[in-house]
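Computed from a prediction, not measured in an experiment: that's the story for all the values here.
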Amino acid sequence: MIRCTFAGHRDVCGVQAEDITEVLEEIIQYTESPIECFVGGMGKFDNLCAAAVRLLKRQYREKEISLILVLPYLQKRINVNSAYYESMFGLVLIPSILEGVHYKHAIVLRNRWMVEQADYVIAMVERKEGGAYATLQYAKKKKKKIINLAERKK
């Protein structure tokens, strides 16, 4: 099993779903293993990543590719629009380590959990501040394979 997660600023610009698709295709082409992609669902970059994974699921039907939405806490939108989320994601989960954690800290812990699960961290981190930057630093500390699209754009 190959696992990927994503880290990017909420308001990224200069990156398209095609850029993310290209990176994922590089990973997909060299493995026969199933691929799980964890996405946080909290901004433009996460939406682009989810769209890229969905596209690859359609293009590579012979590959076992799954898209998992990882939430930091229970959100009303999931219950209200459950049919939508069931159609867009293979699974929606809240890691058990987040039970009882304050909602602001839960986002940080959720991001770390996703990094810990991942073999690859695909990022779009341009600024040395914020949650995406902290997540990328954590991935470096954990010695994950990191592909930062911001560096490819230079």
Side-chain angles (χ1 to χ4, degrees), residues 1-98 106-126 131-133 135-136 138-140 142-154:
M1 170 90 48
I2 302 289
R3 290 184 169 143
C4 301
T5 195
F6 306 96
H9 303 295
R10 184 180 298 252
D11 58 346
V12 297
C13 57
V15 67
Q16 304 294 321
E18 294 81 21
D19 301 317
I20 301 158
T21 302
E22 184 179 299
V23 170
L24 287 169
E25 280 184 315
E26 291 171 16
I27 296 167
I28 288 170
Q29 288 176 5
Y30 297 107
T31 184
E32 292 300 318
S33 299
I35 299 170
E36 286 186 340
C37 297
F38 297 105
V39 66
M42 295 187 84
K44 182 180 176 185
F45 184 69
D46 283 347
N47 291 338
L48 289 172
C49 293
V53 173
R54 283 187 205 98
L55 175 67
L56 291 174
K57 283 175 60 98
R58 288 190 301 274
Q59 286 181 345
Y60 294 90
R61 292 186 191 276
E62 74 282 2
K63 300 271 188 176
E64 189 178 334
I65 302 170
S66 59
L67 178 60
I68 300 167
L69 176 61
V70 184
L71 299 175
Y73 42 77
L74 191 58
Q75 299 172 14
K76 183 179 180 181
R77 67 184 172 125
I78 302 300
N79 289 333
V80 171
N81 300 311
S82 62
Y84 168 79
Y85 287 97
E86 288 172 9
S87 70
M88 299 302 277
F89 300 95
L91 181 65
V92 177
L93 67 86
I94 301 171
S96 60
I97 63 161
L98 300 177
I107 294 170
V108 172
L109 291 179
R110 184 274 317 264
N111 291 348
R112 288 182 177 182
W113 182 90
M114 290 193 307
V115 165
E116 289 167 2
Q117 308 311 304
D119 301 298
Y120 292 89
V121 177
I122 300 166
M124 181 60 183
V125 177
E126 302 173 291
Y133 178 74
T135 300
L136 189 60
Y138 187 74
K140 287 177 182 177
K142 293 293 185 177
K143 299 186 181 347
K144 299 297 179 171
K145 296 172 192 146
I146 299 168
I147 302 163
N148 188 353
L149 295 169
E151 293 173 358
R152 286 187 171 198
K153 295 279 181 190
K154 290 181 181 178

- Nearest heavy-atom pair of Phe6 and Cys49: which atoms, and what distance? CD2-SG, 3.3 Å

- Item | Separation of Glu36 CD from Ile65 CD1 (nearest 0.5 Å) | 12.0 Å

- Query: Can you name the closest pair of heavy atoms from Phe89 and Ala50 and give their distance?
  - Reply: CE2-CB, 4.4 Å

- Message: I need the Leu93 CG to Leu69 CG distance, nearest 0.5 Å.
- Response: 8.0 Å

- Taking all non-hydrogen atoms of both residues into account, name the closest pair between Ser66 and Lys57 and its distance. CA-NZ, 4.2 Å

- Message: As a quick check of understanding, evaluate side-chain contact (heavy atoms from CB on, under 4.5 Å) for Asn111 and Tyr138, giving each step before the final call.
- Response: CA-CA 9 Å; Asn111 291 348; Tyr138 187 74; over 6 Å; no

- Specify the closest pair of heavy atoms between Leu74 and Ile94, including all atoms of both residues, with the distance to one decimal. N-CD1, 3.4 Å

- Note on the structure: Residue pairs passing the side chain to side chain donor-acceptor pair (under 3.5 Å) test with at least one member in residues 46-56, sequence neighbours excluded, are none

- Message: For a 4.5 angstrom cut-off between non-hydrogen side-chain atoms, does Cys4 reach Leu24?
- Response: yes

- Query: Quick one: does Asn148's side chain have a donor or acceptor within less than 3.5 Å of a partner on Val125's backbone?
  - Reply: yes

- Got a second to check how far Arg3's CZ is from Ile27's CD1, nearest 0.5 Å? 14.5 Å

- Query: With side chains defined as the heavy atoms from C-beta onward, is the minimum distance between Met42 and Pro72 less than 4.5 Å?
  - Reply: yes

- Which distance, rounded to the nearest 0.5 Å, do you find between the CD of Glu62 and the CD of Glu32? 8.5 Å

- Query: At what distance, to the nearest 0.5 angstrom, does CG of Leu136 lie from CD1 of Ile146?
  - Reply: 5.0 Å

- Kindly say whether Glu116 contributes a backbone atom to a donor-acceptor pair with the side chain of Lys144 at under 3.5 angstrom? yes

- Identify the heavy atoms of Val115 and Ala139 that sit nearest to each other, and give their distance. CG1-CA, 3.6 Å

- Query: Side chains of Lys140 and Lys143: closer than 4.5 Å at any heavy-atom pair?
  - Reply: no

- Counting only heavy atoms not in Glu26, do more than 12 sit closer than 6.0 Å to its CD atom? yes

- Message: Holding to side-chain contact (heavy atoms from CB on, under 4.5 Å), I want the full list of residues that pass it with Glu25, two or more places apart in sequence or in another chain.
- Response: Thr21, Gln29, Leu56, Gln59, Tyr60

- Item | Pairs meeting criterion side chain to side chain donor-acceptor pair (under 3.5 Å) with involvement of residues 69-78, two or more places apart | Gln75-Arg77, Arg77-Tyr85

- Which one of Val70, Thr135, Ile68, Val121 satisfies the side-chain contact (heavy atoms from CB on, under 4.5 Å) criterion with Met114? Val70

- Check Lys63 against Ile28 and note the closest heavy-atom contact, atom names and distance. NZ-O, 3.1 Å

- Message: Could you check whether any side-chain N or O of Arg110 sits under 3.5 Å from a backbone N or O of Gly40, counting only pairs where one atom can act as donor and the other as acceptor?
- Response: yes

- Message: Let me confirm one number: the CD-CG distance from Glu126 to Leu149, rounded to the nearest 0.5 Å.
- Response: 9.5 Å

- Query: Is a side-chain donor or acceptor of Lys145 paired with a backbone partner of Asp119 at a separation under 3.5 angstrom?
  - Reply: no

